[in-house]
2 protein chains.
Amino acid sequence: MPKLDESLLTGLPPFSLLERAQIREILDHAVSRRYEEGTPIFREGHDADRFFLLLDGYLRVIRSTAGGDQIIVLHISPGQLFGIAPALQRDTYPATAIAAAESIALSWSAKLWGDFTASYPGFATESYKTLGQRLGQIQETLTEMATQAVEKRVAAAVLRMVNQSGRKTDQGIEIAFPVTRQNISDMTGTTLHTVSRLLSAWQKDGIVESTRKHIVVTDPHALVLLSGAQG
Amino acid sequence: MPKLDESLLTGLPPFSLLERAQIREILDHAVSRRYEEGTPIFREGHDADRFFLLLDGYLRVIRSTAGGDQIIVLHISPGQLFGIAPALQRDTYPATAIAAAESIALSWSAKLWGDFTASYPGFATESYKTLGQRLGQIQETLTEMATQAVEKRVAAAVLRMVNQSGRKTDQGIEIAFPVTRQNISDMTGTTLHTVSRLLSAWQKDGIVESTRKHIVVTDPHALVLLSGAQG
DNA sequence: CCGGAACGTTGCTCTGAAACAAACTCCTGA
DNA sequence: TCAGGAGTTTGTTTCAGAGCAACGTTCCGG
């Protein structure tokens, strides 16, 4: 296995305070791996023996019910730590992570978490900061789910993906990873049928442009209004 | 202000590894306060300048939408840390905490969080463990909200309160703090009307017994079945 | 002891969205 | 190049649960 380059980590929040030598040290303990679209990185209930950093690609974090229904709890984008159950003293992962697009991630043995927080200034602080943001996001989604009508939720879900991964094209802003109607329904707790109808309607109104597994938002402002941003 | 007694903290997870002298030290920095039912301890968006430990009573943690709807994210029971936004490097509280019954809580300046985690063995570990559990709970609620029908959600919500605060009486297990229909609807994202109907129906079936702000579960097993525990 | 507020119950109506159903389109691999 | 599967679209039906309304009950302060 070739040595990983230091530039992979420089500039990322958890490592921003570190010396070059320290980053080297961290990388020497890391394992790098590529995941095809649809491949699980880890599964709900399995031994939480490693923690991860996404270098490239996008992930979906999923929870399933006993009845077989599933929902997408959040998305992970490049530069983020994930699977940090070990940081929370959990011995199993509470959710499943799946590559939404071809992805590359580093990972470390869970045992190293303690070493990292102890040895590297800023690492713990920044990690827990991320965790706090994530907790806030989930609470946000929860309130939304409990109080908002389907159309608002779907609009909000699309916006969230755009905000996290949007990149400009000539027609508008596109979501950088493949998304199916089913995926969106799993984010919003509705059916793919309803999502399909909504997207069709929005397309008619010139708000989005969508093909098979691909969505471009042509009128973000209209979508923000639909999402009910207190208007 | 009289000195607080060490026995208040002994045995609680975050402090279990500590010496008597260390507990003394921690208590000397603490402020103790009593809150009437309905009194807010802190509010969403306000400066997160303190963190708390509930000694007695029960709290509701609430989030509100711009549109004025609100939902109860979780309940806090005695012995739990709460308002630990400072631990996550947040400068405002992401939710509001309100006394569901008359309550007593200790609090410390947010600045001390760093000192506590640095000086007291096990404190950080135990705190983040709690946080992990809480994150798991919220994800659980989220999936439930997205996939389950109203009756199941309400049953699950009642069960959660019973598990957290249930105490045996001659007729069954009662929830130890006041709960209105509206409260339950705020936990489940439905209306108080629907909750009222459900409780009436359950009462008819001999599953619960409820008076004004008080609920006794007479047949917990039936409720578990209703909650859809994969049966 | 009275009046009003807070909480709860119940009946009725109506609609948003799930469920069911049936094609259609694109993509992939044999 | 053809078959099958994955993803999508659209129409129709159905119903759980929200909304509205009116009334009952308990509690508390003056």
Side-chain angles (χ1 to χ4, degrees), chain A residues 36-38 60 65 67-72 98 100-102 144-158 175 177-205 208-216 226 228, chain B residues 36-38 60 65 67-71 98 100-102 144-155 157-158 175 177-205 208-216 226 228:
Chain A
E36 298 292 343
E37 179 177 336
R60 286 184 237 287
T65 66
D69 299 309
Q70 59 168 51
I71 77 141
I72 297 175
I98 291 190
E102 182 173 348
E144 189 183 290
M145 198 75 86
T147 63
Q148 307 294 68
V150 170
E151 184 170 29
K152 291 191 176 194
R153 302 209 303 268
V154 174
V158 171
I175 295 172
F177 51 88
V179 200
T180 66
R181 315 289 184 245
Q182 178 71 58
N183 286 332
I184 298 181
S185 73
D186 286 345
M187 298 176 64
T188 50
T190 179
T191 61
L192 84 162
H193 300 224
T194 300
V195 173
S196 179
R197 280 178 236 271
L198 284 173
L199 286 180
S200 298
W202 293 347
Q203 182 134 353
K204 205 162 295 171
D205 296 347
V208 303
E209 202 70 38
S210 74
T211 62
R212 216 131 221 277
K213 299 173 79 174
H214 209 68
I215 297 179
V216 180
L226 277 178
Chain B
E36 299 292 342
E37 180 177 336
R60 285 185 237 287
T65 66
D69 299 308
Q70 61 168 49
I71 77 140
I98 291 190
E102 182 173 349
E144 189 183 289
M145 197 76 86
T147 62
Q148 306 294 69
V150 170
E151 184 169 29
K152 291 190 176 195
R153 301 209 303 268
V154 173
V158 171
I175 296 172
F177 51 88
V179 199
T180 66
R181 315 288 183 242
Q182 177 70 60
N183 286 333
I184 297 180
S185 72
D186 286 345
M187 298 176 65
T188 50
T190 179
T191 60
L192 83 162
H193 301 229
T194 300
V195 173
S196 179
R197 281 178 237 272
L198 284 173
L199 287 181
S200 298
W202 293 347
Q203 182 133 357
K204 204 162 295 171
D205 296 347
V208 303
E209 202 69 38
S210 74
T211 62
R212 214 129 221 278
K213 300 173 77 174
H214 208 71
I215 297 179
V216 180
L226 277 178

Got a donor-acceptor contact below 3.5 angstrom from the A/T188 side chain to the A/I184 backbone? yes

Comparing B/A149 and A/K213 on DNA chain D - which has the more 5′ nearest nucleotide: A/K213

Using a cut-off of 4.0 Å on non-hydrogen atoms, how would the nucleic acid contact of A/L192 be classed: base, sugar-phosphate, or nothing? base

Starting at CD of B/Q203 and ending at C1' of C/dT10, how long is that distance when rounded to a whole Å? 15 Å

If I take atom NE2 in residue B/H214 and atom P in nucleotide D/dC27, what distance separates them, rounded to the nearest angstrom? 12 Å

Quick one: label A/R181 by what it contacts on the DNA or RNA (base, sugar-phosphate, nothing), any heavy atom closer than 4.0 Å. sugar-phosphate

Counting only side-chain heavy atoms from C-beta out, which of D/dG17, C/dT10, C/dA19 sits nearest to B/S200? C/dT10

Is A/R197 side chain donor-acceptor paired with the D/dG11 base, going by distance under 3.5 Å alone? yes

Touch check for A/S196, heavy atoms < 4.0 angstrom, all strands: base, sugar-phosphate only, or nothing? base

Does B/T194 make a side-chain N or O approach to OP1 or OP2 of D/dA18 shorter than 4.0 Å? yes

Between D/dT25 (P) and B/L199 (CG): distance, integer Å: 18 Å

Give the rounded distance in Å between these two atoms: NE2 of A/H193 and P of C/dC24. 17 Å

Rounded off to whole Å, could you give me the CZ-to-C1' distance for the A/R153 and C/dA17 pair? 10 Å

Short side-chain N/O contact from A/T180 to OP1 or OP2 of D/dG7, under 4.0 Å: no

Between the side chains of B/R212 and B/T180, is a donor N or O closer than 3.5 angstrom to an acceptor N or O? no

Touch class at under 4.0 angstrom, heavy-atom based, for B/T190 against every strand present: sugar-phosphate

Between CD of B/Q182 and P of D/dA18 the distance, given in whole Å, is 12 Å

Look at the side chain of B/Q70 and the backbone N and O of B/T65, then say whether any donor-acceptor pair between them is shorter than 3.5 Å. no

Using atom types as modelled and distance alone, determine if a side-chain donor or acceptor of A/S200 lies under 3.5 Å from a backbone N or O of A/S196. yes

Rounded to the nearest angstrom, tell me the gap between atom CZ in A/R212 and atom P in D/dT9. 9 Å

I need the CD-P distance between A/Q148 and C/dG16, as an integer number of Å. 16 Å

Distance-only polar pair, side chains of B/R153 and B/T147, donor-acceptor under 3.5 Å: no

